[in-house]
Amino acid sequence: MNLFLISVLFCFLGTSISLKNKDYAKKQPNIIYILSDDLGHSDVGFTNGHVETPNLNRLAKEGVLLTQNYVQQVCSPTRGALMSGRYPFHTGLQHGVIYPGEPWGLPLDETIIPQVLKEYNYSTHAVGKWHMGMHKWAFTPLYRGFDDFFGYYLGGQNYDSHRNLKGLDLRSDYFNENGKFVDELRWDLDGRYSAELYSERTVDLVNKLTPQEDPFFIYLAYQSVHGPHMVPQRYIDQYSSHIMDENKKVFAAMVSSMDEGIGNITKALESTGLADNTIIVFSSDNGGNVNCVHDPEVTSSNYPYRGGKRALYEGGVRSPSFIWGRNRLAPSKSDAMIHVTDWLPTFWSLASLQGKLNPNNPIQTKPLDGIDQWLAISENLPSNRTEFVINIDPKPVACGHRVPHAGLRWKEWKLIIGAGGPPNGWYPAPELTDIEKNCGHHDSYIELYNIIEDPSETRNVSDKFPDIVQMLTEKIKAYNATAVPLGNKPHDPASNPANFNFTWMPWLDMFAEVPDETYTLTKDLWLDGNQLTEDDVLSSMDACFDSDPDSVEF
């Protein structure tokens with residue numbers, strides 16, 4: 001073949017690829033958003049972490065690595081911000097998480113992702129952890145725009161028994177052929193490991209959805225790697241030769257089980273031919289839980305970032321993330337500043353083909369804090385976002401900040417008022433032993449960092465740049481003026497799962513008369529109900545007993 005023909009062939013191939021990409025740009029993509037729980041920055045291979053994650057590594061390599069993808073510092077606020085596109089202090093989720101038996105959640109007047117996508121003919125499916133309210137049916141997934149749900153309503157449970165405080169919380173929710181809502185409690189899955197169940201469910205969804213013409217959205221929120229730390233032995237055996245510490249070995253195995261499941265999902269996408277028109281986003285809901293509240297052995301790692309879950313430092317809010325989309329995204333790395341609130345408007349843009357398609361019905365949302373990041377990601381352009389609020393919380397947090405606190409990122413600068421943690425130190429991966437571990441008090445009431453020059457937040461330069469401190473403080477004050485009151489509500493004794501055959505139910509919709517008797521949640525009851533160790537109770541499950549650590553009124 002002569003050089004001319006070779007040139008023509010390559011030109012033709014290049015044109016075909018270009019046309020193929022353009023053709024896919026005209027189609028609504030399937031979207032799968034995968035959210036891990038308490039996964040640290042260095043808990044995955046694609047960030048040069050210590051855990052073997054070949055499937056995540058491949059997707060990250062083939063997609064766009066998001067180096068500045070930010071979430072909230074704890075669970076419920078991240079999930080609410082993701083779904084609503086609004087900061088937690090605009091939804092009442094700015095203070096801690098929703099604990100079992102608390103009658104509150106993401107407000108019902110918030111329009112969330114599945115409600116938006118359904119107006120563009122998407123089918124919508126939720127798998128795994130919910131944790132955005134369950135005291136009334138109206139707060140549960142199917143009443144908020146999802147077509148079906150398989151998972152649990154609360155924030156944590158035993159991976160095998162699927163119980164929390166002796167109450168079962170694993171269910172399949174769907175509408176039957178008559179359009180009637182069905183909440184099927186899954187007693188039959190006792191003993192099955194949750195990561196495997198959620199991966200299998202997602203594979204089943206992919207196979208089931210293959211024939212349909214309309215696109216789909218799957219929200220897959222793994223329980224992994226939230227405590228209690230437990231995993232089938234076959235995953236632990238992978239690490240028997242190179243991780244000696246048993247706690248770290250179990251933790252690494254938990255990550256690997258999730259990675260295996262994601263590999264099975266991508267295989268299903270390939271075998272069904274859906275991979276070419278599917279976008280996958282991967283993120284964690286907050287930083288790795290370095291357990292600095294009660295200081296047991298650290299298993300997660302956010303290194304080289306400071307802090308972890310609950311902290312406003314980078315280790316608490318900077319997530320290991322990527323977005324994968326064959327035919328839409330070239331392999332690359334994006335340093336664009338992205339916040340978890342951005343995914344609703346970004347998915348909205350994709351579903352509407354950047355505004356070319358009109359929704360079936362007008363979509364009304366409250367003012368969004370997120371912005372459409374698709375062009376920044378797909379064209380590797382600078383983000384239109386130059387700032388975001390990390391959080392504004394007017395009260396101390398039981399398992400975290402001891403004082404009111406606020407944080408703001410603006411361009412390269414980051415201001416923290418009140419306290420960046422705990423946790424405050426730097427927590428290494430298992431093979432790193434020379435990094436300082438410090439669970440002590442925060443540096444000062446005012447902390448200012450240049451995140452570009454000092455991403456590990458080792459140099460508080462607030463005294464050197466008072467003008468920057470003043471400007472960012474004024475920004476925080478302006479944002480705070482728009483904050484809504486905290487949504488938190490105290491524990492309701494009527495939620496006791498013993499009232500419902502030891503299952504967790506939306507109790508406020510279940511009683512003709514709400515019982516007024518209380519029962520005492522003791523450490524022994526928590527241990528017995530969840531099959532946990534005392535360390536699990538005190539750390540991994542975030543069981544923050546405010547005054548008497550042996551007794552809490554529930």
Residues Arg186 and Ser172: side-chain donor-acceptor under 3.5 angstrom:
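Note: Arg186 and Ser172 side chains meet the donor-acceptor criterion.
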Cut-off 3.5 Å, side chains only: do Gln68 and Arg385 have a donor facing an acceptor?
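Looking only at side-chain atoms, Arg385 and Gln68 do not form any donor-acceptor pair under 3.5 Å.
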Using the six-membered ring wherever Trp is involved, compare the ring planes of Phe217 and Tyr219 and label them parallel, tilted or perpendicular (cut-offs 30° and 60°).
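Aromatic pair Phe217/Tyr219 classed parallel.
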Side chain to side chain donor-acceptor pair (under 3.5 Å) against [X], all qualifying residues, sequence neighbours excluded:
{"X": "Asp509", "value": "none"}
{"X": "Trp104", "value": "Glu102"}
{"X": "Lys136", "value": "none"}
{"X": "Gln94", "value": "none"}

Residues forming a salt bridge (charged side-chain N to carboxylate O under 4.0 Å, His left out) with [X], sequence neighbours excluded:
{"X": "Asp190", "value": "Arg163"}
{"X": "Lys395", "value": "none"}
{"X": "Glu474", "value": "Lys477"}
{"X": "Asp183", "value": "Arg171"}

Which distance, rounded to the nearest 0.5 Å, do you find between the NZ of Lys129 and the OG of Ser76?
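The OG atom of Ser76 is 7.0 Å from NZ of Lys129, to the nearest 0.5 Å.
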Pairs satisfying salt bridge (Lys or Arg N to Asp or Glu O under 4.0 Å), at least one member in [range], at least two apart:
{"range": "residues 367-376", "value": "none"}
{"range": "residues 77-92", "value": "Asp37-Arg79, Arg79-Asp285, Arg86-Glu110"}
{"range": "residues 346-361", "value": "none"}
{"range": "residues 143-153", "value": "Lys118-Asp147, Asp148-Arg201"}

Do Tyr122 and Tyr120 have ring centroids that are under 6.0 Å from one another?
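Tyr120 vs Tyr122: aromatic centres not under 6.0 Å.
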Aromatic ring proximity, centroids under 6.0 angstrom, Tyr153 and Phe139:
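Ring-ring flag for Phe139/Tyr153: false, centres at least 6.0 Å apart.
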